[in-house]
2 protein chains.
Amino acid sequence: MDFEPLGLATDLVILTVRDGRLQVLLIRRGIAPYQGRWALPGGFVRPDEDLETTARRELAEETGLSSDRIHLEQVATYGAPDRDPRGRVVSVAYLALVPDLPAPTAGSDAASAHWINTTDVDAGSLAFDHQRILADAVERARAKLEYSPLATAFCPPEFTISELRGVYEAVWGTPLDPRNFHRKVTKTTNFVEPVGSTTTRDGGRPAQLFHRGTATTLHPPMTRG
Amino acid sequence: MDFEPLGLATDLVILTVRDGRLQVLLIRRGIAPYQGRWALPGGFVRPDEDLETTARRELAEETGLSSDRIHLEQVATYGAPDRDPRGRVVSVAYLALVPDLPAPTAGSDAASAHWINTTDVDAGSLAFDHQRILADAVERARAKLEYSPLATAFCPPEFTISELRGVYEAVWGTPLDPRNFHRKVTKTTNFVEPVGSTTTRDGGRPAQLFHRGTATTLHPPMTRG
DNA sequence: ATAATAGTGTCTATAAGACAATATGTA
DNA sequence: TACATATTGTCTTATAGACACTATTAT
């Protein structure tokens with residue numbers, strides 16, 4: 001079969017929660033097109049490479065995170081004929097959720113990589129159609145926090161209920177009642193499991209440490225304020 | 001830029017509810033590979049054609065439905081290197097929800113097209129990775145019925161609450177209490193609007209006719225039995 | 001009248017959201 | 001001690017689900 005000339009790429013929306021804010025990893029483009037503009041990390045799919053393999057490779061290159069325990073999911077595919085001035089390039093967007101990294105952007109390409117508050121990304125400031133991709137991915141993350149235990153993907157392996165609440169507040173951009181949140185999380189079956197130890201790293205009374213439970217969907221779901 | 005040889009296609013999961021069952025439109029393949037096997041309708045994206053444009057074109061070819069009011073949404077993209085024996089073909093899957101058609105498969109290619117109960121599609125009976133695509137699309141439809149008014153996409157422009165309930169029961173594969181369902185639908189804001197007239201086409205006491213309301217998400221959501 | 005479906009009312013258990021009160025650490 | 005955060009409890013309101021009951025047509 002002969003095919004039309006076409007490029008296939010993946011773009012990554014890598015989200016984390018730092019300083020109580022939802023942040024995204026962006027790259028300052030060094031070359032045209034859109035030179036000097038912020039863009040999502042991404043690259044072309046190699047021959048014989050699966051789409052998710054490409055995404056994981058790029059995630060490792062940008063963040064140094066090569067673990068397959070990092071949450072990565074496909075969001076959507078963008079293929080408007082004129083979305084890339086270099087030619088027809090179709091991009092499969094992936095969403096990655098990573099914990100607050102002790103060594104941020106430890107990867108190779110990382111000289112130009114920065115964590116940016118998602119609320120600070122102005123309309124029209126990103127290259128290509130990346131503004132739209134970012135918006136779709138953030139909305140996906142917001143929705144999944146309701147009915148999946150995905151918020152734990154932003155946390156270290158052991159976390160307190162307060163820290164988990166901080167994730168929800170950052171992603172949803174809304175304050176939550178600490179007391180109702182605590183009761184709800186601990187009553188939702190298999191959302192979190194107590195580790196048995198406590199920490200005072202958040203100040204105040206020592207808080208129990210939890211790790212992620214076995215649930216894949218939350219019953220009942222968490223509700224957005 | 002030069003690109004690796006690569007094909008870009010869209011595949012369609014066209015769902016309807018007929019005879020109280022969730023059915024999918026499948027094509028009997030006339031040529032290799034997978035000659036004689038059932039497959040999802042689909043085809044290659046033309047140069048300068050947007051992905052959704054391709055999907056709508058194929059939807060019209062297979063069903064005769066060219067209206068842009070037909071619900072069509074992207075599900076996911078499948079790109080395993082060996083998913084097509086003819087070479088590297090990446091497929092963007094779309095989900096279409098259509099009402100029970102008075103003239104089924106009125107399109108051109110339609111000689112080999114048939115509505116099949118989704119529950120009758122046996123493991124391994126579909127070409128390529130279409131079994132997986134179908135499963136993903138059906139799960140998407142099931143999930144969206146909970147928090148969106150999408151069930152109305154399976155109904156004619158004017159429908160009764162019973163008919164709407166039949167959609168939920170067919171897609172979810174579970175019976176629902178007619179009385180609680182009625183109250184819930186009519187109390188959910190802007191889910192449905194009464195037309196003002198009634199029909200006896202379902203037998204028994206005349207039922208009010210409704211059309212779809214303005215809501216895009218349901219508050220509160222419908223709950224799966 | 002009888003059958004069939006439409007639609008309303010009522011009751012109970014569960015969950016959401018507001019917020020008081022208590023617990024246990026650090027400065 | 002004062003302060004900060006954790007955790008439990010209580011109350012009100014809303015919703016889910018079960019199910020009795022009434023309403024309106026066709027035959």
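Every chain is numbered from 1, with letters handed out A, B, ... down the list of sequences. The figures here come from the full heavy-atom set of this structure, side chains too, leaving out hydrogens, waters and symmetry mates.
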Trainee: Nearest-Å distance, CZ (F159(A)) to P (dT5(D))?
Mentor: 20 Å
Trainee: Just the rounded figure in Å: distance from P of dT25(D) to CG of D202(B).
Mentor: 15 Å
Trainee: Give the nucleotide from the list dT7(D), dT25(D), dG17(D) with an atom nearest to the side chain of T200(B).
Mentor: dT25(D)
Trainee: In whole angstrom, what separates H219(A)'s NE2 from dA13(C)'s C1'?
Mentor: 19 Å
Trainee: Examine F159(B) together with F210(B) and report whether their ring centres are nearer than 6.0 Å.
Mentor: no
Trainee: Output yes when a side-chain donor or acceptor of H211(A) lies under 3.5 Å from a complementary backbone atom of P157(A), and no otherwise.
Mentor: no
Trainee: To the nearest 0.5 Å, tell me how far T16(B) OG1 sits from D100(B) CG.
Mentor: 5.0 Å
Trainee: What's T186(A) touching, base or sugar-phosphate or nothing? Going by heavy atoms closer than 4.0 Å.
Mentor: nothing
Trainee: Nearest heavy atom decides the nucleotide; on that basis, is P206(B) or P220(B) closer to the 5' end of DNA chain D?
Mentor: P220(B)
Trainee: Out of curiosity, L209(B) CG to S197(B) OG, how far, rounded to the nearest 0.5 Å?
Mentor: 4.5 Å
Trainee: Within the side chain of Q74(B), is there an N or O that forms a donor-acceptor pair under 3.5 Å with the backbone of T77(A)?
Mentor: yes
Trainee: In whole Å, what is the span from the CZ atom of R224(A) to the P atom of dA16(C)?
Mentor: 15 Å
Trainee: Measure the distance from CZ on R201(B) to P on dA6(C) and round it to the nearest whole Å.
Mentor: 11 Å
Trainee: Could you check whether any side-chain N or O of S125(A) sits under 3.5 Å from a backbone N or O of V121(A), counting only pairs where one atom can act as donor and the other as acceptor?
Mentor: no
Trainee: From dA6(C), dT15(D), dA4(D), pick the nucleotide closest to the side chain of T160(B)?
Mentor: dA6(C)
Trainee: Check every atom of dG7(C), dA6(D), dT10(D) against the side chain of R205(B) and return the nucleotide holding the closest atom.
Mentor: dG7(C)
Trainee: When you measure only distances, ignoring hydrogens and angles, does the side chain of R183(A) come within 3.5 Å of the base of dT14(C) through a donor and an acceptor?
Mentor: no
Trainee: Is any side-chain N or O of T223(B) closer than 4.0 Å to OP1 or OP2 of dG17(D)?
Mentor: yes
Trainee: For the side chain of R29(B) and the backbone of A39(B), is there at least one donor-acceptor N/O pair under 3.5 Å apart?
Mentor: no
Trainee: Taking NE2 from H182(A) and P from dT5(D), how many angstroms apart are they, rounded to a whole number?
Mentor: 15 Å
Trainee: Would you say the rings of H130(A) and W38(A) are close, in the sense that their centroids are separated by under 6.0 Å?
Mentor: no
Trainee: Find the distance F191(B):CZ to dT15(D):C1' and express it as a whole number of Å.
Mentor: 17 Å
Trainee: Start with the C-alpha distance between E139(A) and R224(A), add both sets of side-chain angles, then the distance that settles salt bridge (Lys or Arg N to Asp or Glu O under 4.0 Å), and finish with yes or no.
Mentor: CA-CA 13 Å; E139(A) 182 47 40; R224(A) 249 186 264 207; 3.6 Å; yes
Trainee: Give the residues of residues 149-157 of chain A touching DNA chain D, defined as any heavy atom closer than 4.0 Å, sorted by residue number.
Mentor: none
Trainee: Is any side-chain heavy atom of Y78(B) closer than 4.5 Å to a side-chain heavy atom of D136(B)?
Mentor: yes
Trainee: Is there a residue in residues 161-181 of chain B whose heavy atoms reach under 4.0 Å of DNA chain C, and which residues are they?
Mentor: S162(B), R165(B), R179(B)
Trainee: Any side-chain N or O of Q208(A) below 4.0 angstrom from OP1/OP2 of dA6(D)?
Mentor: no
